[in-house]
Amino acid sequence: MPSKVPVLCLDGPSGSGKGTVGQICAQRLGWQYLDSGAIYRSLAFSLRQAGIDAADINSAAQQAAQLQVACLPGPDGSAKIMVNGVDTGQDLRTEEIGELASKLASEPRIRDAVLAAQRRARRPPGLVADGRDMGTTVFPDATLKIFLTAAPQVRAERRYKQLKLKGFDVNLAHLFEVIQDRDARDAQRSASPLVPADDAVTLDTSDLEINEVVSRVLDLLQPRLVHERAGRTSITSASSGGDSRDR
Ligand code: DC
């Protein structure tokens, strides 16, 4: 029986900390990292580059199916996103691209077109996947599903600091508004909306430092990994005629 590659899903709204927490967890575990938002952002970016109107869903879905996105570890610990072999640098990180990504992501045909690429990221020894529907749709059999939240003002301030650090000219009040709109669209769409999976653990990160969130997530993950491995061991020994009790 093929062994199941473990997956840690981190879903949540913008600024909840899932990207930063996800990258640190992936580094500590030595696992692959999937920034699924970067796929939708890459699509928005590539449509713009190719001069394709995002409202032309046929062309957008075709482009989505051909898109090659790789999330590689960047020099400062942040993920480096390569689209069709080209490093996108900071081009994907603007709120304008985030907004267009969110609009494209509400279209079921676009979501279907990127589903297989997301699942292909599940490679040994494990995967940390961040997004909006990792636990509900993409990896329903994940080892652990975490839904990260934080108060809207805290999330806006985090995004503000991140964007400032990356050199963007941003206004906190405006950012607060656009993030609220984007999260409302992501949560209210009919295709894979931003909602916690039934079996997700919700963590409010408003008053937590990043390292505290990472520790809590990894503490929740460890017993699940032990349990999953024990389950596999017992299945393997049962099928080879050995003792089927967990050890
Ligand atoms: O995580 P992010 O801000 O980079 O995501 C940008 C947009 O992409 C987000 O507003 C909605 C969409 N998205 C999605 O619909 N499903 C995902 N799994 C990830 C992102």
Side-chain angles (χ1 to χ4, degrees), residues 7-23 33-48 54 57 60-61 64 67 69 71 74 78-81 83 88-122 127-140 142 145-150 152 155-156 158-163 166 168 170 175-197 200 205:
V7 182
L8 165 62
C9 295
L10 297 170
D11 287 304
S14 167
S16 55
K18 58 194 183 334
T20 312
V21 171
Q23 285 162 44
Y33 170 63
L34 170 67
D35 174 356
S36 62
I39 298 184
Y40 294 98
R41 285 176 183 263
S42 301
L43 177 62
F45 179 72
S46 70
L47 290 178
R48 188 159 284 183
I57 297 301
L67 204 65
V69 181
C71 308
S78 64
K80 181 160 100 172
I81 310 296
V83 179
T88 54
Q90 301 300 342
D91 291 342
L92 300 186
R93 295 295 150 203
T94 64
E95 253 321 304
E96 199 191 348
I97 288 290
E99 177 80 4
L100 185 54
S102 164
K103 287 182 180 156
L104 288 161
S106 65
E107 176 56 49
R109 282 165 61 199
I110 302 248
R111 303 199 75 82
D112 286 350
V114 299
L115 187 61
Q118 294 176 94
R119 289 191 172 146
R120 275 199 299 275
R122 186 176 192 170
L127 174 71
V128 177
D130 103 47
R132 305 293 188 287
D133 63 338
M134 298 295 99
T136 50
T137 305
V138 184
F139 303 109
K145 302 173 187 178
I146 301 281
F147 193 83
L148 294 180
T149 60
R155 296 194 285 107
R158 284 180 187 160
R159 289 288 295 151
Y160 176 79
K161 281 188 200 148
Q162 274 173 354
L163 290 170
K166 290 181 197 285
F168 291 108
V170 276
L175 200 54
F176 183 83
E177 296 288 318
V178 291
I179 286 178
Q180 293 282 94
D181 285 355
R182 185 149 71 86
D183 288 338
R185 184 185 308 106
D186 293 344
Q188 285 158 19
R189 68 185 178 215
S190 54
S192 293
L194 165 67
V195 287
T205 68

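Read the numbers this way: they start at 1 and go in the same order the structure lists the ligands and their atoms.
- Ranking the protein heavy atoms by distance from atom 19 (C) of ligand 1 puts S36 OG, 3.4 Å first.
- Annotation for ligand 1: atoms under 4.0 Å from non-hydrogen atoms of K18 are 1 (O).
- Close N/O approach between R132 and ligand 1 is found [any backbone or side-chain N/O within under 3.5 Å].
- Not a single donor-acceptor pair under 3.5 Å links the side chain of S192 to the backbone N or O of T137.
- Of the candidates P193, S42, G37, G12, G37 brings a heavy atom nearest to atom 20 (C) of ligand 1.
- At the shortest separation from atom 12 (C) of ligand 1 among protein heavy atoms lies A105 CB, 3.7 Å.
- Ranking the protein heavy atoms by distance from atom 11 (C) of ligand 1 puts D186 OD2, 3.2 Å first.
- Using a 4.0 Å cut-off to heavy atoms of R189, the atoms of ligand 1 that qualify are 14 (C), 15 (O), 16 (N).
- From the protein, the heavy atom lying nearest to atom 13 (N) of ligand 1 is Y40 CD1, 3.6 Å.
- Interface atoms of ligand 1 facing M134, defined by a heavy-atom separation under 4.0 Å, are 18 (N).
- Between R185 and ligand 1 there is no heavy-atom distance shorter than 4.0 Å.
- In summary, the side chains of R159 and Q162 do present a donor paired with an acceptor at a separation below 3.5 Å, with no hydrogens or angles considered.
- No donor-acceptor contact under 3.5 angstrom links the side chains of S16 and T149, judged on distance only.
- Nearest protein heavy-atom neighbour of atom 4 (O) of ligand 1: R41 NE, 2.6 Å.
- Of the protein's heavy atoms, R182 NH1, 3.5 Å lies nearest to atom 6 (C) of ligand 1.
- In K103, neither the side chain nor the backbone holds a heavy atom less than 4.0 Å from any atom of ligand 1.
- Checked by distance only, ligand 1 and D133 come closer than 3.5 Å through their nitrogen or oxygen atoms.
- Proximity of R111 to ligand 1 is established by a heavy-atom distance of less than 4.0 Å.
- In this model, no donor atom of one side chain and acceptor atom of the other lie less than 3.5 Å apart for S36 and R41.
- Looking at S102 and R182, their side chains never bring a donor and an acceptor atom within 3.5 Å of each other.
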